[in-house]
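For reference, the structure is listed below as structure tokens.
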Protein chains: 6
Amino acid sequence: MVYVTRREVFSASHRLTNQELSDDENIEIYDKCNNPYGHGHNYTLEVVVAGNINPKTGYVIDLKKLKKIIKSKVISKVDHHHFNFDVDFMKGIIPTTENIAIGIWKLLVNEITEGKLYSVKLFETENNYIEYKGE
Amino acid sequence: MVYVTRREVFSASHRLTNQELSDDENIEIYDKCNNPYGHGHNYTLEVVVAGNINPKTGYVIDLKKLKKIIKSKVISKVDHHHFNFDVDFMKGIIPTTENIAIGIWKLLVNEITEGKLYSVKLFETENNYIEYKGE
Amino acid sequence: MVYVTRREVFSASHRLTNQELSDDENIEIYDKCNNPYGHGHNYTLEVVVAGNINPKTGYVIDLKKLKKIIKSKVISKVDHHHFNFDVDFMKGIIPTTENIAIGIWKLLVNEITEGKLYSVKLFETENNYIEYKGE
Amino acid sequence: MVYVTRREVFSASHRLTNQELSDDENIEIYDKCNNPYGHGHNYTLEVVVAGNINPKTGYVIDLKKLKKIIKSKVISKVDHHHFNFDVDFMKGIIPTTENIAIGIWKLLVNEITEGKLYSVKLFETENNYIEYKGE
Amino acid sequence: MVYVTRREVFSASHRLTNQELSDDENIEIYDKCNNPYGHGHNYTLEVVVAGNINPKTGYVIDLKKLKKIIKSKVISKVDHHHFNFDVDFMKGIIPTTENIAIGIWKLLVNEITEGKLYSVKLFETENNYIEYKGE
Amino acid sequence: MVYVTRREVFSASHRLTNQELSDDENIEIYDKCNNPYGHGHNYTLEVVVAGNINPKTGYVIDLKKLKKIIKSKVISKVDHHHFNFDVDFMKGIIPTTENIAIGIWKLLVNEITEGKLYSVKLFETENNYIEYKGE
């Protein structure tokens with residue numbers, strides 16, 4: 001069993017707000033993350049696939065293939081987008097890094113057919129990151 | 001002469017658009033940076049001050065003081081804000097990293113009274129950055 | 001189950017020495033880490049909390065809250081301090097990175113009430129780091 | 001149980017090719033990684049040892065000792081070498097990062113006598129890395 | 001005047017050797033960098049362009065355009081290549097980082113038509129880098 | 001003219017204090033950097049040499065030679081030392097990063113005989129650094 005990681009970077013905006021709460025409650029919970037015009041990040045995404053090495057190639061999964069899957073299934077939908085307005089898979093979901101990481105897991109889990117998706121790590125800043133393993 | 005650098009990080013949104021151009025021209029020039037809902041970055045700011053060492057302190061300028069100036073004059077105005085909507089000093093200016101760096105220079109140049117402001121470096125991503133020296 | 005990480009940095013001094021051993025033994029074991037006046041590091045601390053997402057907030061634990069806990073319970077006690085002389089929770093303990101990481105775990109484990117403390121990672125340099133998971 | 005990590009860097013060359021396949025198949029699988037003259041990387045290696053703290057030293061394993069083991073058993077054999085031509089332990093093995101990581105595990109697993117080898121992480125670039133835990 | 005930097009990464013091989021010297025002299029000068037099968041690096045390239053801001057776009061030069069120029073004029077020729085064998089612009093030149101940086105300067109200097117090429121920085125490792133400004 | 005940089009890292013302690021001032025003045029100026037037992041950093045040192053390329057070697061200065069000079073003239077004197085107590089070249093000097101950078105410049109300026117010392121950059125933390133060019 002070997003773990004293979006591919007790292008990609010994208011830039012997006014979000015505003016943290018729960019539409020079922022009042023403005024005051026949202027400000028109390030999210031503080032400046034609730035600022036009305038939103039703000040953004042350079043998100044760093046690490047996708048980990050676990051599996052056995054294919055003796056023909058020496059790969060678990062060709063990282064060029066993994067890169068293509070991540071680009072077409074995730075990056076194309078989020079890069080230079082706003083999680084509250086034009087990212088389909090986050091519709092109606094509070095765009096915390098936790099929820100985005102789970103959303104990305106769901107986009108990828110059935111696309112990985114050599115090895116299995118093991119973990120999605122999502123860095124919001126150099127100081128804050130989330131890991132989700134489908135548990 | 002010694003050069004002293006302080007690094008700070010902030011998260012903000014922007015949308016690149018020139019209001020004097022047509023939608024088609026804006027899309028042609030800015031491509032996905034013109035997406036209507038904007039996107040964001042973790043900007044890294046490096047402020048360089050040049051000066052002589054004060055023999056009493058061994059400092060050109062106390063970095064704690066420089067940090068406070070940057071926080072109150074710059075970071076408080078841009079962190080978790082959107083350059084097109086709620087950042088005063090960028091009103092009416094296309095929020096490219098070039099223009100933001102010059103805006104930050106103007107905010108700081110008269111606030112530095114020990115040594116002189118030498119350079120403002122602004123990283124939009126790990127791959128793209130701008131330096132402005134007031135020339 | 002989601003894993004949430006907060007990273008903080010602090011600067012401290014230490015001298016590796018076991019007071020029950022002779023000077024010669026200490027020098028043999030610790031070499032230059034036993035230099036009499038001590039030396040220091042910029043320690044990087046990563047605190048990982050594991051838990052379920054609170055549907056009201058979209059958070060496992062608000063990272064602003066986690067940051068405050070780490071600052072008040074850990075950073076305030078170690079930043080710009082010397083582990084051999086003025087850090088209470090290390091009194092009588094050899095200040096290796098291993099022992100500091102365990103000390104930090106003990107300071108935090110009962111303070112985390114949303115989710116559970118999962119791991120403390122402590123980087124002494126870019127080349128050396130320790131992880132402790134309470135096992 | 002504490003996890004201790006040492007990071008080392010080395011520079012090496014490789015060419016991805018499976019000698020049992022035709023040239024066309026090799027180009028299809030490995031693309032530019034199959035370029036005839038090979039190419040190279042600054043590989044970053046992280047070796048993780050798990051164990052209990054020795055109360056006499058406060059260490060699981062002295063990181064100076066771990067560094068020496070890694071240098072003599074691994075780095076001396078791969079640094080400034082070419083995995084296809086002058087690295088003994090990779091003879092006849094396709095030099096993917098996956099296979100190199102497993103090769104390094106085998107070189108180290110019996111050399112670590114304080115604590116146990118837990119993981120070998122090998123970064124080929126800042127975007128691609130492999131982890132192997134002997135499973 | 002504003003300085004705009006674009007960073008790109010490529011992987012390549014080289015062997016340091018001066019064909020006008022004897023084997024012994026080459027080994028004495030280049031040591032392990034003279035190993036017969038060569039070795040490689042993940043080179044990091046930073047290209048700096050200096051110029052005035054175009055008021056229509058807010059750019060000195062569109063970084064997407066600069067990226068395309070670097071990719072087509074430099075990266076396509078060096079990525080996954082071997083500087084001693086299949087990189088045209090280094091034919092007959094000892095492939096030290098110094099000489100590669102100058103070679104890259106020559107490839108780019110006439111391609112930059114908005115602003116002027118100001119500097120080429122080339123990192124061979126995280127510890128060694130070269131800057132050339134055409135002086 | 002080419003600029004060649006070598007990066008080295010060392011760990012040391014210091015306490016900021018001006019012995020000609022009162023305790024109260026020292027606390028007011030240096031705050032927690034004046035804590036009585038001192039604190040420490042992983043300092044990152046970048047030494048830049050400027051010169052012409054030697055056509056025989058393709059080097060301005062062999063980086064292995066530059067590394068050796070920095071190790072023997074600087075690192076051996078500061079690594080795992082305390083700037084207030086056991087670093088000769090800082091005797092009687094307030095050990096701010098500014099003053100340490102100038103001290104290192106003086107140690108190196110006459111040792112570099114291929115090319116000329118151009119700059120000493122010293123990072124105290126990832127957020128604070130100093131550059132000195134002998135001006």
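Order of the sequence lines sets the chain letters (A, B, ...), proteins ahead of strands, with each chain counted from 1.
- Note: E/Thr125 leads E/Val9, E/Thr125, E/Asn127 in heavy-atom pairs under 4.5 Å with chain D.
- Within 6.0 Å of atom CD in D/Glu20, 12 or fewer heavy atoms from other residues, nucleotides or ligands are found, so the atom counts as exposed in its surroundings.
- Note: E/Lys32 leads E/Lys32, E/Arg15, E/His82 in heavy-atom pairs under 4.5 Å with chain D.
- Taking the six-membered ring where tryptophan is involved, the planes of D/His80 and E/His39 are tilted, since the angle between them lies from 30° to 60°.
- Looking only at distances, no side-chain donor or acceptor of D/Asn35 sits under 3.5 Å from a matching main-chain atom of E/His81.
- In this structure, chain E has a heavy atom under 4.5 Å from the backbone of D/Glu124, while its side chain stays farther away.
- For the residue pair D/Ser13 and E/Gly40, the shortest heavy atom distance occurs at OG-N, 3.4 Å.
- For E/Glu135, the CD atom counts as densely surrounded, since its 6.0 Å shell holds more than 12 non-hydrogen atoms of other residues, nucleotides or ligands.
- For D/Lys77, the NZ atom sits in a packed shell: over 12 heavy atoms of surrounding residues, nucleotides or ligands are nearer than 6.0 Å.
- Open room surrounds CD on D/Glu28; 12 or fewer heavy atoms of other groups in view lie less than 6.0 Å from it.
- For NZ of E/Lys116, the number of neighbouring non-hydrogen atoms (other residues, nucleotides, ligands) closer than 6.0 Å is 12 at most.
- Rounding to the nearest 0.5 angstrom, the gap separating the NE2 atom in E/His41 from the OG atom in D/Ser11 is 4.5 Å.
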